[in-house]
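For the numbers below, each heavy atom of this structure counts, side chains included, while hydrogens, waters and symmetry mates do not. The sequence lines fix the lettering, A, B, ..., with proteins before strands; numbering per chain opens at 1.
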Amino acid sequence: MCRETALRELAGRTYVLNFQGTKAALDAELTTCYLGAAWQILWVFFEDHGLKPAEIDTGCDGLSAGAFAHVRASLVDTKDPCGDVIVHEAAHLLHYLKPAAYGLQVRRGQERFVDVEFRHRELFAFACEAYSRVVLQSDRKARVSFAEKMRKDAFSFPHDPLDDVANFVLTAARARNGWQAIRKATVPPSRRRRASSKDQDVAHVLVS
Amino acid sequence: MTNNKLQSVNQCIRDAAYDAAAVDGLSMPVIERFLRTGEETWEGAGSGLFTRTQLKQDEAYTKAVKAAIRRLLTLLGDLSRPKSERFRRCLQKRFGAVLNPW
């Protein structure tokens, strides 16, 4: 139930910014009180079409603005073998949305679909993004080999966290359950011992 | 971006700001500034202790910039729409054919 709800919400809240997607994203964002997100979406879209004046700085490629996630259309077909900006933004959404808001039962101390230590939220999103490409490989050997080459092959990741992300992904590729490895490394310390199979179920949504 | 294109984009921004400001007699430069920077510089924006008038101002400007954003999407959308799409829209107008959205 938790997994179905998460999947449904991810599908309904993620917008790819082509013209129709941008229109829908603006409709969604303009129902909230954060005008800045709608402004960013507008210019991120027109930057893709070469219509953004240089002095306007949106400062982002994808955008997870609270309850919605928006992805620049030009990044969806990335050539980076380790990149998937939709999974990245979906990971942020899983860290934002609360199962209790959908009437779902939660464990004691659980707040979000996937509780992640706040300072690790980007690391978590990047790790999910890269690992979602790892699991597309045919067998374990191919997965490990793919993860080993990540540091060299990934070009769309920011330089700073790349080493950490590559280490995470390699550990995940070698583990029996890679999602669990990523979860364990990014979960808040108070919940580290309790990271359970329910979390893995939700994390699996990212490759569904 | 070429100069011509930049001029067209700037004109779209001004038009969207003008149309949105005209409805409630608001300040066009304030709305234009929002469209260019994303900054909410009108009275009553942000957090703080506001008078009733400032809150009313905020409400009016919020409504106006929302309209301006939608208008700008349409105006710039027409600029960036592929030529073939503009041709198809023209055909649609004339002959009423049902065509795929952009």
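- In this structure, A:Gly50 and B:Lys5 approach most closely via the heavy-atom pair O-CD, 4.2 Å.
- More than 12 heavy atoms of other residues, nucleotides or ligands lie within 6.0 Å of CG in A:Asp139, so this atom counts as buried by the packing criterion.
- Shown here for B:Leu72 and A:Trp43, the closest heavy-atom pair between the two residues is CD2-CZ2, 3.8 Å.
- Residues of residues 28-44 of chain B lying under 4.5 angstrom from chain A, judged on non-hydrogen atoms, are B:Phe34, B:Leu35, B:Arg36, B:Thr37, B:Gly38, B:Glu40, B:Trp42 in numerical order.
- No more than 12 heavy-atom neighbours from other residues, nucleotides or ligands sit within 6.0 angstrom of OH on A:Tyr34.
- Note that the CG atom of B:Leu76 and the NE2 atom of A:His49 stand 10.5 Å from one another [nearest 0.5 Å].
- With a 4.5 Å cut-off on non-hydrogen atoms, A:Leu42 touches chain B through its side chain but not through its backbone.
- Separation of atoms CG (A:Leu51) and CG (B:Leu75) is listed at 11.5 Å; rounding is to 0.5 Å.
- Contacts of A:Lys52 with chain B are made by backbone atoms alone, with heavy-atom separations under 4.5 Å and no side-chain atom involved.
- Few gaps surround OH on A:Tyr102; more than 12 heavy atoms of other groups in view lie less than 6.0 Å from it.
- The environment of B:Gln11 atom CD is dense: over 12 non-hydrogen atoms of other residues, nucleotides or ligands sit within 6.0 angstrom.
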Please walk me through it: do A:Phe19 and B:Leu73 pass side chain to side chain contact (heavy atoms under 4.5 Å, CB included)?
CA-CA 9 Å; A:Phe19 186 77; B:Leu73 176 72; 4.0 Å; yes
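- For chain B, the option among A:Ile56, A:Asp27, A:Leu35, A:Thr22 with the highest count of heavy-atom pairs below 4.5 Å is A:Leu35.
- Rounding to the nearest 0.5 Å gives a distance of 8.5 Å between SG of B:Cys12 and CZ of A:Phe46.
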